[in-house]
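Okay, so here's the structure we're looking at.
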Amino acid sequence: MQLYNTVTRKKEEFVPRDPGEVSIYVCGPTTYNYIHLGNARPLVVFDTIRRYFAYRGYRVKYIQNFTDIDDKIINRATEEGEDPINLARKYIEEFFIDSDALNVMRADVHPKVSEHLPEIIEMIENLISRGHAYQVDGDVYFDISSYRDYGKLSGRTLDDMQAGARVDVDQRKHHPMDFALWKAAKEGEPAWESPWGAGRPGWHIECSAMSLKYLGNNFDIHGGGHDLIFPHHENEIAQTEAATGQPFVRYWMHNGFITINQEKMSKSLGNFFLVREILAKFPSETVRFFLLSTHYRSPLDFDDEKLEAAGKGLERVKNCLRLIYESEKNSFADGGDTAGFLSLLDLRRREFETAMDDDFNTALAIGVLFELVGDINSYLHKAVPDSLVSSTALAGAVHLIKDINSVLGLFSLDEGGNILLEKNRPGGGELADGLLELIVRMRQDARSRKDWATSDNIRDGLKELGITLEDTPQGPRWKR
RNA sequence: GGCGACAUAGCCAAGUGGUAAGGCAGAGGACUGCAAAUCCUUUAUCCCCGGUUCAAAUCCGGGUGUCGCCUCCA
């Protein structure tokens with residue numbers, strides 16, 4: 001497997017720290033609001049990466065943190081007159097509602113900053129004792145000049161950064177780019193006791209402390225959004241390698257940004273979309289499909305038309321599955337060109353793996369999925385009328401689609417492990433289904449009388465209720 | 001000002017040296033009572049200029065444009 005490493009700016013062969021195992025840490029959200037589309041991309045992207053490692057037979061250890069102590073949370077809590085930790089807890093619950101909807105698997109551990117103060121404080125003490133950090137009043141800063149490789153991730157030098165400094169420099173710092181490891185508490189803020197007085201951790205130290213705790217030194221993959229490269233991940237590297245004297249992470253991966261109507265998503269532009277707002281308008285599998293239809297490192301522009309187009313594309317995949325399920329009833333142990341079809345399935349599987357092996361090229365992988373759909377459809381197109389559908393062929397097709405789905409995570413499965421096609425669609429239930437069957441039968445009567453007015457009327461009426469009726473040589477079929 | 005990314009058909013999007021995957025939309029045909037679904041066929045020389053090469057969307061130089069980071073941000 002090849003993956004693009006932000007540090008080297010090249011694709012590299014993936015070699016895990018421990019054979020057969022992958023350790024992944026992905027920066028999670030600051031929980032002061034419902035998650036937005038920009039949060040959803042890394043969620044879905046790294047979930048897919050994790051799933052592919054599992055598909056490849058790796059044991060995966062996946063950690064995603066919550067930043068539940070932060071200025072933004074404190075500000076928000078102050079506005080709402082609520083306790084910051086409670087506010088954060090609430091949005092952590094909301095986070096899971098959205099991420100579950102997007103079919104994102106839970107991490108093995110979701111560590112919170114508020115529950116890792118001892119680890120954080122210990123790490124800061126370690127940095128101070130090694131001469132990499134210094135205390136000023138109640139604050140502790142990392143001494144950037146003490147770490148020679150500073151800038152290796154983002155590809156900048158200290159000189160570059162000083163030249164471009166746009167922030168007022170705190171005169172107490174040794175170097176303008178020194179960053180806070182510990183912040184002295186201000187009046188009314190949540191605070192924890194520390195050797196430097198009451199305060200709270202700086203933003204970057206949490207990820208270092210928590211990733212080391214759960215994954216150890218030199219773990220495999222650290223991921224996050226492109227914007228975290230600098231300063232967040234740069235600082236993580238500096239403080240961690242300064243503290244441990246060992247390499248921190250083997251591969252750094254960063255997903256590209258989402259834009260809305262070609263503009264950066266931002267509150268001031270009023271184009272800030274929450275995941276649940278989008279899920280109110282589009283099925284979650286469409287959203288996930290859309291997020292994976294572009295390579296994870298490329299920018300991705302969002303608008304309603306693009307999501308609608310994605311939804312129509314996905315419908316093609318679902319139709320194919322419907323055709324398979326429908327044909328299973330009339331399949332035979334063998335028939336037609338089963339061998340030829342099975343070798344085609346093998347080819348598609350190899351293509352899928354090749355695509356994913358190449359830096360998780362989900363866009364290409366989805367292309368392969370569509371090729372597969374075309375293969376299956378055209379097989380059925382020929383085999384169904386001649387009653388030559390092979391159950392072996394169908395089983396192989398379903399197996400492959402399920403395997404691909406286990407990686408892309410587009411469709412949920414029911415209790416029996418079958419792909420759910422009607423998820424999120426209202427109007428199920430025994431009574432409704434029974435009525436529908438009745439109506440369809442009555443329409444068939446009308447059709448046999450060539451009463452086209454009645455039959456078309458029924459079809460149009462059902463369409464308005466969100467039920468599509470299709471007449472086939474094998475009889476009518478309906479779908480929600 | 002510093003650092004970096006990208007520019008492929010109407011739209012979305014793969015493709016890093018050998019004459020452009022796939023999806024949406026469109027066109028023609030098959031099937032259908034009509035549709036739908038499905039099948040078959042069809043729609044691009046890859047921002048511009050110059051260079052390297054037998055050969056470039058793919059490498060190099062220049063230009064234009066778009067975007068991101070440098071401050072909280074996925």
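Keep in mind it's a predicted model, so treat the numbers as computed, not measured.
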Measure the distance from NE2 on A/H226 to C1' on B/C67 and round it to the nearest whole Å.
-> 10 Å

Is there a side-chain polar atom (N or O) of A/N377 under 4.0 Å from OP1 or OP2 of B/C39?
-> yes

Who passes ring pair (Phe, Tyr, Trp, His ring centres under 6.0 Å) against A/Y4, sequence neighbours left out?
-> none

If pairing requires Watson-Crick or G-U wobble contacts with both distances under 3.5 Å, which nucleotide is the partner of B/A44?
-> none

For nucleotides B/G33 and B/G28, find the distance between their C1' atoms and express it as a whole number of Å.
-> 22 Å

When rounded to the nearest Å, what value does the distance between C1' atoms of B/C59 and B/C54 take?
-> 16 Å

On the 0 to 90° scale, with breaks at 30° and 60°, tag the A/H254-A/H233 ring pair as parallel, tilted or perpendicular.
-> tilted

Which part of the nucleic acid does A/G225 contact within heavy-atom distance under 4.0 Å: base, sugar-phosphate only, or nothing?
-> sugar-phosphate

Minimum-distance nucleotide to A/A309 side chain [options: B/A74, B/C12, B/C24] | B/C24

Is A/F257 touching bases, backbone alone, or none of the nucleic acid, heavy atoms closer than 4.0 Å?
-> base

Acceptor/donor pairs from residues 460-468 of chain A side chains to any protein atom, 3.5 angstrom cut, sequence neighbours excluded:
{"unit_1": "A/K463", "atom_1": "NZ", "unit_2": "A/T468", "atom_2": "OG1", "d": "3.2"}

A/L153 CG to B/C3 C1': how many Å, rounded?
-> 13 Å

Nearest-angstrom distance, P atom, B/C12 to B/G17 | 26 Å

Tested for ring pair (Phe, Tyr, Trp, His ring centres under 6.0 Å) against A/H110, the lone hit among A/Y25, A/F66, A/Y62 is A/F66

OP1, OP2 of B/G15 versus side-chain N and O of A/N361: anything below 4.0 Å?
-> yes

Euclidean distance, atom CG of residue A/L369 to atom C1' of B/A14 [Å, nearest integer] | 14 Å

Can you check nucleotides 33-36 of chain B for protein contacts, nitrogen or oxygen pairs under 3.5 Å, and list what you find?
{"unit_1": "B/G33", "atom_1": "N7", "unit_2": "A/R447", "atom_2": "NH2", "d": "3.2"}
{"unit_1": "B/G33", "atom_1": "O6", "unit_2": "A/R447", "atom_2": "NE", "d": "3.3"}
{"unit_1": "B/G33", "atom_1": "N1", "unit_2": "A/D456", "atom_2": "OD1", "d": "2.9"}
{"unit_1": "B/G33", "atom_1": "N2", "unit_2": "A/D456", "atom_2": "OD1", "d": "3.4"}
{"unit_1": "B/G33", "atom_1": "N2", "unit_2": "A/D456", "atom_2": "OD2", "d": "2.6"}
{"unit_1": "B/C34", "atom_1": "O2", "unit_2": "A/R459", "atom_2": "NH2", "d": "2.7"}
{"unit_1": "B/C34", "atom_1": "N3", "unit_2": "A/R459", "atom_2": "NH1", "d": "3.0"}
{"unit_1": "B/C34", "atom_1": "N3", "unit_2": "A/R459", "atom_2": "NH2", "d": "3.1"}
{"unit_1": "B/C34", "atom_1": "N4", "unit_2": "A/R459", "atom_2": "NH1", "d": "3.4"}
{"unit_1": "B/C34", "atom_1": "N4", "unit_2": "A/D471", "atom_2": "OD2", "d": "3.3"}
{"unit_1": "B/A35", "atom_1": "N6", "unit_2": "A/D471", "atom_2": "N", "d": "3.4"}
{"unit_1": "B/A35", "atom_1": "N6", "unit_2": "A/D471", "atom_2": "O", "d": "2.5"}
{"unit_1": "B/A35", "atom_1": "N1", "unit_2": "A/D471", "atom_2": "N", "d": "2.8"}
{"unit_1": "B/A35", "atom_1": "N3", "unit_2": "A/R459", "atom_2": "NH1", "d": "2.8"}
{"unit_1": "B/A36", "atom_1": "O2'", "unit_2": "A/E470", "atom_2": "OE2", "d": "3.1"}
{"unit_1": "B/A36", "atom_1": "N1", "unit_2": "A/D471", "atom_2": "O", "d": "3.1"}

Base partner of B/C31, which must satisfy Watson-Crick or wobble distances under 3.5 Å = none

Which side-chain N or O atoms in residues 360-370 of chain A pair as donor and acceptor under 3.5 Å with protein atoms at least two apart or in another chain?
{"unit_1": "A/N361", "atom_1": "OD1", "unit_2": "A/A363", "atom_2": "N", "d": "3.4"}
{"unit_1": "A/N361", "atom_1": "OD1", "unit_2": "A/L364", "atom_2": "N", "d": "3.0"}
{"unit_1": "A/T362", "atom_1": "OG1", "unit_2": "A/L292", "atom_2": "O", "d": "2.7"}

Between B/G62 and B/G4, how far apart are the P atoms? Round to whole Å, please.
-> 13 Å

With A/R51 as reference, evaluate A/N103, A/V104, A/L408, A/N405 under the side chain to side chain contact (heavy atoms under 4.5 Å, CB included) test and give the passing residue.
-> A/N103

Return the set of residues passing ring pair (Phe, Tyr, Trp, His ring centres under 6.0 Å) with A/H36 (not counting sequence neighbours), or none when no residue passes.
-> A/F272

May I ask you to verify if any side-chain N or O of A/S298 is less than 4.0 angstrom from the OP1 or OP2 atom of B/A14?
-> yes

Atom CZ of A/F230 and atom C1' of B/G2 are separated, to the nearest Å, by 11 Å

Taking the P atom of each, how far is B/C40 from B/C31, in whole Å?
-> 16 Å

Nearest-nucleotide 5' precedence on RNA chain B, A/K11 against A/F290 = A/F290

So what's B/C59 paired with, Watson-Crick or G-U wobble, going by both distances under 3.5 Å?
-> B/G51

Does B/U19 have a Watson-Crick or wobble partner in any strand here, with both distances under 3.5 angstrom, and which is it?
-> none

Between B/C49 and B/U58, how far apart are the P atoms? Round to whole Å, please.
-> 13 Å

In whole Å, what is the span from the CG atom of A/L274 to the C1' atom of B/A74?
-> 14 Å

Would you classify A/I258 as touching base, sugar-phosphate or nothing, given that sugar-phosphate means primed atoms plus P, OP1 and OP2, and contacts are heavy atoms under 4.0 Å?
-> base

Parallel, tilted or perpendicular: which describes the rings of A/H204 and A/H232, with under 30° parallel and over 60° perpendicular?
-> tilted

Residue whose nearest RNA chain B nucleotide is more 5′ - A/D358 or A/G374 = A/D358

Output the single nucleotide from B/C39, B/C69, B/A14 whose closest atom is nearest the side chain of A/D227.
-> B/C69

Tell me, please, which residues at least two apart from A/Y296 pass ring pair (Phe, Tyr, Trp, His ring centres under 6.0 Å).
-> none

Tell me: CG of A/L372 to C1' of B/A21, nearest whole Å?
-> 15 Å

In whole Å, what is the span from the OH atom of A/Y32 to the C1' atom of B/A74?
-> 11 Å

Nearest to side-chain heavy atoms of A/S378, which nucleotide of B/C24, B/C40, B/C72 | B/C40

Now, which nucleotide makes the Watson-Crick or G-U wobble pair with B/A5, with each of the two distances under 3.5 Å?
-> B/U66

Please state the C1' separation for the pair B/A37 and B/C47 - nearest whole angstrom.
-> 40 Å

Per side chain to side chain donor-acceptor pair (under 3.5 Å), A/R297 is matched among A/N255, A/T6, A/D359 by A/D359

Please state how far atom CG in A/D71 lies from atom C1' in B/C72, giving the value in whole angstrom units.
-> 8 Å

B/U32 to B/U42 separation - C1' atoms, rounded to the nearest Å | 23 Å

Using a cut-off of 4.0 Å on non-hydrogen atoms, how would the nucleic acid contact of A/H295 be classed: base, sugar-phosphate, or nothing?
-> sugar-phosphate

Looking only at side-chain atoms of A/K312, point me to the closest of B/C24, B/U38, B/A74.
-> B/C24

